[in-house]
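Computed over heavy atoms, backbone and side chain alike; hydrogens, waters and symmetry mates excluded. Every number for a ligand or one of its atoms is a count from 1 in the order of the listing. As the structure is a prediction and not an experimental result, all values here were calculated from the model.
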Amino acid sequence: MRVNHKKLKKIVVFSSGAGSNAEKIISYFKKVSDVCISVVYTNNPAAGVLKKAKNHGVKTRVFSAQEYQKEVLKELLSIDPAIIVLAGFLWKIPKNYIDNFPNKIINIHPSLLPKYGGNGMYGNNVFKEVFKNKEELTGITIHYIDEKFDTGPIIFQAQVKLLPKDDVTEIANKTRQLEHKFFSAQIHKLIR
Ligand code: GAR
């Protein structure tokens, strides 16, 4: 029998939508023996992430706004995750979560913050603004969560050049590629 002396590190993922990043993270950590994805949490019962997580045999949990106040936090405390990853999660993180998990909640944002961050700046809204402003460069930011939207300390950024012919869809594609390339490895680095 193989004895694993290393403590299993747990990752909790929060996602509100399609879950392409969550799926990449799940696939990446399937190959890492001392890390597991405990639960994928979502506020959205119709989120694509639910099917993706289930296909990989990962536990999912849909929660209501009311459960978000106390119940979900209680569950997180009992899981005791090494890191809480927001991968396309659109609700604000309450202060009591941040207080209980200092430097353990990280978010990915599809722009080079501080550009194109803040309330309402998510998904396509970001890419439309990047397009409108004819940016020649865009990218991704991985950062710690604080009490505001998209202002916490930056952990990692990666950038990509845009061409004059790039439309909103192409900007989204290029940004998504960066997210899929870098996010899981950055999470791994943080919990190692
Ligand atoms: C990602 O592009 C992520 O950066 C963005 O939502 C998308 C989720 O896609 N997050 C934000 O805009 C947060 N402000 P996914 O569900 O396919 O991973």
Side-chain angles (χ1 to χ4, degrees), residues 11-30 37 39-56 58-63 68 83-94 97-98 104-133 135 137-160 162 166-188 190:
I11 298 176
V12 169
V13 178
F14 279 72
S15 164
S16 301
S20 70
N21 280 286
E23 187 168 43
K24 287 279 169 196
I25 295 164
I26 292 167
S27 301
Y28 178 102
F29 285 101
K30 268 189 174 169
I37 311 296
V39 195
V40 171
Y41 277 92
T42 186
N43 59 305
N44 175 9
V49 73
L50 287 169
K51 195 162 177 237
K52 291 191 174 79
K54 280 175 192 156
N55 285 344
H56 286 275
V58 172
K59 195 175 149 191
T60 57
R61 161 88 160 99
V62 183
F63 58 90
Y68 192 40
I83 197 160
I84 297 170
V85 175
L86 311 185
F89 180 62
L90 300 182
W91 284 4
K92 207 160 177 205
I93 298 295
Y97 282 57
I98 299 166
K104 277 195 178 175
I105 313 178
I106 66 163
N107 179 49
I108 190 158
H109 188 81
S111 74
L112 293 170
L113 290 174
K115 280 189 160 183
Y116 308 109
N119 200 1
M121 280 306 223
Y122 58 86
N124 254 1
N125 295 352
V126 174
F127 308 131
K128 280 182 196 161
E129 287 299 305
V130 170
F131 176 73
K132 217 168 78 185
N133 291 329
E135 293 284 0
L137 207 63
T138 192
I140 60 165
T141 304
I142 297 167
H143 65 96
Y144 290 108
I145 284 295
D146 67 7
E147 283 166 50
K148 292 184 222 123
F149 274 114
D150 306 323
T151 54
I154 290 173
I155 300 162
F156 174 86
Q157 291 188 306
Q159 51 191 41
V160 60
L162 296 177
D166 290 346
D167 59 9
V168 173
T169 308
E170 187 54 21
I171 294 170
N173 285 340
K174 284 185 170 180
T175 309
R176 190 76 27 95
Q177 274 175 27
L178 285 184
E179 295 189 324
H180 293 173
K181 182 171 174 197
F182 290 111
F183 199 14
S184 301
Q186 284 298 316
I187 296 166
H188 199 181
L190 287 169

Quick one, Phe131 and Asp166 - any side-chain contact, counting heavy atoms below 4.5 Å? no

What protein heavy atom lies closest to atom 17 (O) of ligand 1? Include the residue and the distance to one decimal. Ser20 OG, 2.6 Å

Identify the protein heavy atom lying closest to atom 6 (O) of ligand 1, giving its residue, its atom name and the separation to 0.1 Å. Gly88 CA, 3.6 Å

Side chain to side chain contact (heavy atoms under 4.5 Å, CB included) for Ile140 and Gln157? Distances and angles first, verdict last. CA-CA 6 Å; Ile140 60 165; Gln157 291 188 306; over 6 Å; no

Taking side chain as C-beta onward, heavy atoms only, is Tyr144 less than 4.5 Å from Ile105? no

Side-chain contact test, heavy atoms from C-beta onward, threshold under 4.5 Å: evaluate it for Tyr68 versus Tyr97 and give yes or no. yes

Please examine the side chains of Thr42 and Ser15, heavy atoms only from C-beta on, and report whether any two atoms are closer than 4.5 Å. no

Give a yes or no on whether the backbone of Leu90 and the side-chain of Ser16 come within a donor-acceptor separation of less than 3.5 Å. yes

Looking only at heavy atoms, which two atoms of Lys92 and Glu147 are closest? And how far apart? CE-O, 2.9 Å

Suppose I only count heavy atoms of Tyr122 and a 4.0 Å limit; which atoms of ligand 1 are within that range? 11 (C), 12 (O), 14 (N)

Check whether more than 12 heavy atoms from other residues, nucleotides or ligands sit under 6.0 Å from atom OH of Tyr116, and answer yes or no. yes

Ligand 1 contact by Met121, heavy-atom criterion under 4.0 angstrom: yes

Looking only at protein heavy atoms, identify the closest one to atom 2 (O) of ligand 1 and say how far it is in Å. Glu179 OE1, 2.8 Å

Subset of ligand 1 atoms that lie under 4.0 Å from at least one heavy atom of Gly123: 12 (O)

When you measure from atom 16 (O) of ligand 1 to every protein heavy atom, which one gives the shortest distance, and what is it? Gly19 N, 2.7 Å

When distances are taken from atom 11 (C) of ligand 1, the protein heavy atom at minimum range is Pro110 CD, 3.6 Å

Closest protein heavy atom (residue, atom, distance) for atom 9 (O) of ligand 1: Asn21 ND2, 4.0 Å

Among all protein heavy atoms, pick the one closest to atom 10 (N) of ligand 1 and tell me residue, atom and distance. Ile108 O, 3.7 Å

Using distance alone, determine whether His109 and ligand 1 share an N or O pair under 3.5 Å. yes

